[in-house]
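Notes follow once the structure below has been shown.
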Amino acid sequence: MLHGYIPPHRFLPYLSWTEIAALPDRENTVIVLPCGAIEQHGPHLPCSVDSVICSGVMGKALEKLPAEVRAFALPTITYGKSEEHLHFPGTMTLTGTTLLSTVIEIGESVYRSGFRKLLFANGHGGQPQVLEMAARELRLRHGDFVIVPHGVSRLPSAASKQVSEQEKKLAMHAGHSETALMLALAPDTVHMERAVANFPPPFPIKLLSGDGRPACAWTARDFGPSGVIGDPTTATREQGEAILDTLSDSWVQALTELYALRWVVREEATWERGHQQGFIQQSFQPA
């Protein structure tokens, strides 16, 4: 079914338009938009990793979420901005401008439906800047819209206790944590017998990179032919289940607090779609 990992009762498209119009407290109800990608993840993982993980983690969080916390998910955006993986078959990418337009137009639809809180739950490391740009654009257009772009895996979880220091510093793609999560969420798609470890060389200019991660632009192929940037070889399903459980717990807390959040409402004229007109502050008097 279309909902995938999302609990059916938390899946907004399963409601009719009249049911959506009748929802109570729409202005505080959190709408979750998982944002994934279809791109290579080494020889041992499927190309669907980012889409599976962002929808799987958010689905588990929505499953645990108390009934009194109002939140619904939209279908996952399964295509992302993945140009850094174009050297590998199976990578399907949108341009940054296409993804930006897509996310903004979905955001406009969310707003038009009466909702005022939107979470971009991002599962792909190559597109946070695009989602941040979309969030800012939507906020400029609507002074009562709260849009939060955030990486799905960037909340506290068991992952930090499972990996080596090298993995913490240099892993970026198809490494331990992603592999462990896929073993928990979609084990039939993982082929551990093909897993290989591969790390980029530490970036030599410490002033530009304190942890050794590349400070310059890169593509996955720059670091070798496997497409892996990290060490997936020791990942287990049990570790993945621990990450999924603790990470989803963190998201339960975040969604609960986002539902309760009362943010600044800007009542001045917006800048509209083309930014041709809008409110300009002319003076300031201290309170």
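Everything numeric in this text was worked out from a predicted model, so none of it was measured.
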* Asked: What's the shortest heavy-atom distance between Glu241 and Ala184, and which atoms?
  -> N-CB, 3.6 Å
* Structure fact -> When every non-hydrogen atom of Val69 is compared with those of Tyr259, the smallest separation belongs to CG1-CB, 3.8 Å
I'd like to know if [X] and [Y] make a salt bridge, using a cut-off of under 4.0 Å between side-chain N and carboxylate O.
X      : Y      : value
Glu132 : Arg136 : no
Arg139 : Glu137 : no
Arg141 : Glu108 : yes

* **Ring center gap for His3 and Tyr14 short of 6.0 angstrom** => yes
* Asked: Near Lys64 NZ, under 6.0 Å, is it more than 12 heavy atoms from other residues, nucleotides or ligands?
  -> yes
* To do: State the CD-OG distance between Gln40 and Ser226, to the nearest 0.5 angstrom.
  => 7.5 Å
* Asked: What distance do Thr179 atom OG1 and Leu45 atom CG have between them, rounded to the nearest 0.5 Å?
  -> 4.0 Å
* **Check: Thr93 side chain, Ser82 main-chain N or O, donor-acceptor pair, under 3.5 Å** => yes
* Would you tell me whether Gln127 and Asn122 have side-chain atoms, one donor and one acceptor, within less than 3.5 Å of each other? => yes
* To do: Evaluate the side chain to side chain contact (heavy atoms under 4.5 Å, CB included) criterion for residues Leu255 and Val32: first the C-alpha distance (whole Å), next the side-chain angles of each, then the deciding distance (0.1 Å), finally the verdict.
  => CA-CA 9 Å; Leu255 289 169; Val32 179; 4.0 Å; yes
* For side chain to side chain contact (heavy atoms under 4.5 Å, CB included), just list the numbers for Lys60 and Leu247, CA-CA rounded to whole Å, side-chain angles, deciding distance to a tenth of an Å, and then say yes or no. => CA-CA 9 Å; Lys60 179 62 71 172; Leu247 186 55; over 6 Å; no
* Set of salt bridge (Lys or Arg N to Asp or Glu O under 4.0 Å) partners for Asp144, sequence neighbours left out -> Arg116
* Structure fact -> Connected to Met172, directly or through other members, by ILVMFWY side-chain contacts below 4.5 Å are Trp218, Phe223, Ile229
